[in-house]
Structures are given as C-alpha cells and as structure tokens.
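Whatever order the structure lists them in is the order used to number ligands and atoms, beginning at 1.
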Amino acid sequence: MTNRKKLVAGNWKMNGSLDANEALVLGILPEADGAVDVSVFCPFPYLGQLQRLLKGAGVQFGAQDMSAHLSGAYTGEVSVAMLKEFGVSQVIVGHSERRTYHAESSDIVAKKASLAIQNGVTPIVCLGETLGQREAGQVESVIASQLDPVIAECSKFVSDGVWNLVIAYEPVWAIGTGVTASPEQAQEVHAMIRQRLQAMLGEALAQSTRILYGGSVKPGNAAEIFAKVDIDGGLIGGAALSSDDFSGIIRAARG
Ligand code: 13P
C-alpha cells in the first residue's frame, strides 16, 4: 500500500575536490534515470560546482547542514537563503556527527528542519541511537526524544496534507564502522518511527513520509535492506564516494 518513491542520498561528509567531485557525479549520472530519486550532499564550497554540473540532470544536490538563523552575526554559518541561491533543494540536518562534535540538540535540529521547510528546502532529518543506548534498551526513548521536537515544530507547516520532510534512521554504531543494522533491526526502528508519525500526524502523512536507512550501506547489502516495507532508500556515506559503489546502490534501490 506504499507508493513512496525510493531515495538514494549520498552524504560526502568532508571529502572531495573539484576534480574528484566532477568525476564522481559524471560517473553516477547514467544511473539516474528517474526510477528512484538520487541526491548528493557536498561540502558548502562545492555547491556552485554541483549547480553547474547537475543543471538539467536527474540528480538533486544539497548541503550537509544549515544555520538555525536566517542571517546576522553567526560567524562560519550558512543560511538557508544562501543555499537556495545555489539551487539547493534538500539539506541534511541533525547528522550524528553534528550532534556529537557540535553539540546540536534535538531542539536546534527541529528549528533547522522547520526553517528549511518554510523556505521550500526539504530537510533530511537524521536520528539514531548509540550502541550503549541500544544495549541499555533505550532505542525507542532516544528515537522519541530526537523525533518528537521535529514533528512538533515542523507539523505547523503541513499544507494540503503534505510536508517536505525526509527522515534518516542512522544508528550511530553502524556509521562508518562496516557494521550495518540487519534489515530486521532497521525495519523494526523504521516501523516505530512511522507509528510515531502516525500517532502525531495521522495515517496519510505517516504513510507518505520517506524514511531512509543509513549506516554502512554498500552495493552488497543494499537490496535486502531496501526490500523492507518501511525502508524507503538510504543515506550513504563511504560508498557514496565511489561512483561504482553508489551506482550499485542506486540499482539496488531500483529493484
Ligand atoms: P557510512 O555509509 O559511511 O556508514 O555513513 C553513513 C552516514 O553517516 C551517512 O550520513
């Protein structure tokens, strides 16, 4: 009963160069035939390059973070209006690396997601538990504490039963470790997230919201993860830096 289109998103993190980016995106363009949505998220300085390279192509691009403020004395930050000037349509917010290294709270993440939506940019909101939290049986409470402020803030901007928001479940213990959640473990959390969306927003919005899985997705494990009913694609780190690997993951999403 789902008609959610799969999304394969590549988070380049702090990697890339002008030459490497060009080779990478040219390598994935042949796979972007519209059967699944494809996006790449580059460091800020390369947004102009991707705007040029991806003009008219079937690949969206975006930034890995944005400011919770609109403008002003916030040294080092980048506003949503600036992102839009470079043609950005999507932005990652709340990645665990931002939460860990930059002390981003779920309230700040909610504010960023809401500002993005209000400005017509789709936030990809990341959440997920650490290994310690999983072992302590806290998965549900951690997910709730990260998700609920986002829903509360962003649900104000549901219009005509639609909100432009994507969720990415990224268990911290699976990020960059080569250890992926099993398809069953991931599905269990995705279903929990969808149930929370349903309880707070209703069935229709819960069913139309895409929930991506992220954490050591590779061409070899993508198909079985994406086959799960509540998994609507992936947020890919390391494997998004190789056009062969990223293309393989896009093919897996296409099914
Ligand atoms: P890896 O695919 O390298 O585990 O990274 C996942 C991630 O953090 C994507 O945002």
Side-chain angles (χ1 to χ4, degrees), residues 6-16 20-21 24-25 28 36-44 46-47 50 59-66 88-102 104 106 109 112-113 116 121-131 133-134 142-143 146-147 150 165-183 185-186 189-190 193 210-226 228 231-253:
K6 290 254 189 310
L7 168 60
V8 177
N11 175 8
W12 294 355
K13 308 194 179 184
M14 199 173 72
N15 294 291
N21 301 346
L24 184 52
V25 295
I28 62 175
V36 300
D37 288 334
V38 178
S39 310
V40 292
F41 295 84
C42 66
F44 293 126
Y46 299 126
L47 289 172
L50 290 196
V59 175
Q60 305 292 309
F61 66 98
Q64 300 168 12
D65 185 33
M66 57 172 260
V88 163
S89 58
Q90 302 172 1
V91 62
I92 295 172
V93 295
H95 193 279
S96 69
E97 288 148 19
R98 302 276 335 154
R99 294 179 191 260
T100 302
Y101 305 137
H102 302 273
E104 284 195 19
S106 295
V109 174
K112 291 182 176 186
V121 174
T122 301
I124 298 187
V125 180
C126 303
L127 28 97
E129 81 288 354
T130 64
L131 188 57
Q133 289 166 331
R134 174 165 281 264
V142 170
I143 296 295
Q146 295 175 338
L147 181 62
V150 172
L165 183 141
V166 175
I167 290 167
Y169 169 56
E170 298 208 304
V172 177
W173 48 273
I175 295 177
T177 57
V179 179
T180 155
S182 69
Q185 282 175 318
V189 179
H190 282 231
I193 292 170
R210 290 191 285 194
I211 308 175
L212 312 182
Y213 168 78
S216 299
V217 178
K218 310 285 177 212
N221 61 24
E224 55 172 352
I225 295 172
F226 297 164
K228 291 293 177 188
I231 301 183
D232 306 312
L235 183 55
I236 319 300
L241 298 173
S242 147
S243 54
D244 284 351
D245 286 351
F246 198 60
S247 296
I249 293 170
I250 296 169
R251 282 194 293 275

Checklist entry - In terms of ring plane angle, is the pair His190 and Tyr213 parallel, tilted or perpendicular, where the classes change at 30° and 60°? => result tilted
Checklist entry - Has Ala174 got any heavy atom lying under 4.0 angstrom from an atom of ligand 1? => result yes
Checklist entry - Any nitrogen or oxygen of Glu97, main chain or side chain, under 3.5 Å from a nitrogen or oxygen of ligand 1? => result no
Checklist outcome for this item: dist Glu224:CD -> Asn221:CG (nearest 0.5 Å) comes out at 6.5 Å
Item to check | Test side-chain contact (heavy atoms from CB on, under 4.5 Å) applied to Ile143 and Tyr169, step by step | outcome: CA-CA 9 Å; Ile143 296 295; Tyr169 169 56; 4.0 Å; yes
Item to check | Main-chain N/O of Gln64 paired with Arg98 side-chain donor or acceptor, under 3.5 Å | outcome: no
Checklist entry - What do you reckon, does Gly215 have a nitrogen or oxygen under 3.5 Å from a nitrogen or oxygen of ligand 1? => result no
Checklist entry - Going by the order shown, which atoms of ligand 1 are within less than 4.0 Å of some heavy atom of Ser216? => result 1 (P), 2 (O), 4 (O)
Item to check | Closest protein heavy atom to atom 7 (C) of ligand 1, given as residue, atom name and distance to 0.1 Å | outcome: Glu170 OE2, 3.2 Å
Checklist entry - Is it true that a side-chain atom of Ser216 and a backbone atom of Ala174 form a donor plus acceptor pair closer than 3.5 Å? => result yes
Checklist entry - Sub-3.5 Å donor-acceptor pair from the side chain of Asn11 to the main-chain atoms of Gly237, do we have one? => result no
Checklist entry - Counting each atom of ligand 1 from 1 as listed, which ones have a heavy atom of Ile175 under 4.0 Å away? => result 4 (O), 5 (O), 8 (O)
Next on the checklist: Taking a cutoff of less than 4.0 Å between a non-hydrogen atom of the residue and any ligand atom, is Lys218 in contact with ligand 1?
Outcome noted: no
Checklist outcome for this item: Numbered in order shown, the ligand 1 atoms found under 4.0 Å of a heavy atom of Leu235 are 9 (C), 10 (O)
Next on the checklist: Can you report which non-hydrogen protein atom sits closest to atom 2 (O) of ligand 1, along with the distance?
Outcome noted: Gly237 N, 2.9 Å
Item to check | N or O contact, Asn11 vs ligand 1, cut-off under 3.5 Å | outcome: yes
Checklist entry - Looking at Arg210, Gln90, Gln60, Lys6, which one forms a side chain to side chain donor-acceptor pair (under 3.5 Å) with Asp37? => result Arg210
Next on the checklist: Which residues pass the salt bridge (charged side-chain N to carboxylate O under 4.0 Å, His left out) test with Lys218, not counting sequence neighbours?
Outcome noted: none
Item to check | N or O pair under 3.5 Å between Ala239 and ligand 1 | outcome: no
Item to check | Any N or O of Ile236 closer than 3.5 Å to N or O of ligand 1 | outcome: no
Checklist entry - Side chains of His95 and Glu170: is there a donor and an acceptor less than 3.5 Å apart? => result yes
Item to check | Top protein contact for atom 3 (O) of ligand 1, by heavy-atom distance | outcome: Gly238 N, 2.8 Å
Next on the checklist: Counting only heavy atoms closer than 4.0 Å, does ligand 1 sit against the backbone of Ala168, its side chain, both, or neither?
Outcome noted: neither
Checklist entry - Got a second to check how far Asp65's CG is from Phe41's CZ, nearest 0.5 Å? => result 12.0 Å
Checklist entry - By number and element, which atoms of ligand 1 are closer than 4.0 Å to a non-hydrogen atom of Gly176? => result 1 (P), 3 (O), 4 (O)
